[in-house]
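Here is the structure we will look at, set down as structure tokens.
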Amino acid sequence: MPRIELQNPQNTTGEKKEILDQIHSAFGTTPNMFKTIANSTAALKMMWSAFGALGGGKLGAKLGEQIAVAVADINRCEYCLAAHTALGKGAGLSSEVISQAQVGKSNDPKIQAALTFAVKLVKERANVA
């Protein structure tokens with residue numbers, strides 16, 4: 001049993017329901033991390049806004065998910081790895097590309113450079129010269 005109650009999107013109303021519906025629409029499901037954070041509408045709103053802001057960046061969905069998979073592996077977060085593997089497949093990445101990204105590798109030199117930098121940032125706690 002979870003220590004923090006997961007909010008059931010069907011039992012919510014108002015702004016919380018609107019946000020959870022947007023999340024479900026974007027992912028095709030409502031990930032448990034959003035159901036958990038939905039205990040606070042303000043926190044849910046902030047987290048979903050952050051996802052939107054990051055989604056508008058210049059990396060693109062494929063590279064963003066490759067980086068997320070590599071970071072999830074370094075952090076040993078199985079939940080994150082599963083989520084970003086699914087999101088990566090949804091963005092059009094093959095299982096092989098995702099497996100390579102998980103260990104910080106890519107056959108594409110530009111993607112490899114981004115993965116190398118991201119891995120270094122995480123492993124060296126942002127102390128990159």
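These numbers come from the heavy atoms of this one structure, side chains and all, not from hydrogens, waters or symmetry mates.
Under a cut-off of 6.0 angstrom, the local environment of CD in E124 is crowded, with over 12 non-hydrogen atoms contributed by other residues, nucleotides or ligands.
For L93 against Q66, the heavy-atom pair with the smallest separation is CD1-CG, 3.7 Å. Smallest separation of non-hydrogen atoms from A91 and A61: CB-CB, 4.0 Å. Heavy-atom minimum distance, G88 versus I98: C-CD1, 4.0 Å.
Taking CD1 of I37 as the start and CH2 of W48 as the end, the distance is 14.0 Å to the nearest 0.5 Å. Put simply, CG on L81 and CD on Q102 are 4.5 Å apart, with the number rounded to the nearest 0.5 Å. Taking OG1 from T30 and CD1 from I19, the interatomic distance works out to 12.5 Å, rounded to the nearest 0.5 Å. The line from CG of L44 to NZ of K17 is 12.5 Å long, rounded to the nearest 0.5 Å. In this structure, NE2 on H84 lies 8.0 Å from SG on C77, to the nearest 0.5 angstrom. Distance NZ/K35 to CD1/I4: 15.0 Å, rounded to 0.5 Å.
Under the side chain to side chain donor-acceptor pair (under 3.5 Å) criterion, K62 pairs with no residue, sequence neighbours left out.
With hydrogens and angles disregarded, a donor-acceptor distance shorter than 3.5 Å links the side chain of Q112 to the backbone of G104.
Taken together through direct or relayed side-chain contacts under 4.5 Å among Ile, Leu, Val, Met, Phe, Trp and Tyr, V119 and L63 form part of one hydrophobic cluster. Clustering ILVMFWY residues whenever any of their side-chain heavy atoms sit less than 4.5 angstrom apart, transitively, puts I23 in the very cluster that holds M33. In terms of hydrophobic clustering, with Ile, Leu, Val, Met, Phe, Trp and Tyr side chains grouped at heavy-atom distances under 4.5 Å, I74 and I111 are assigned to a common cluster. In the hydrophobic clustering of ILVMFWY residues, with side-chain heavy atoms under 4.5 Å counting as a link, V69 and V103 come out apart. Linking Ile, Leu, Val, Met, Phe, Trp and Tyr residues whenever their side-chain heavy atoms come within less than 4.5 Å leaves L121 and V71 in two separate clusters.
Side chains of N39 and Q7 form a contact here, defined as non-hydrogen atoms less than 4.5 Å apart. Considering only heavy atoms from C-beta on, N32 comes within 4.5 Å of Y79 through its side chain.
Here the rule is side chain to side chain contact (heavy atoms under 4.5 Å, CB included) with S106, and of V97, T116, L115 only L115 fits it.
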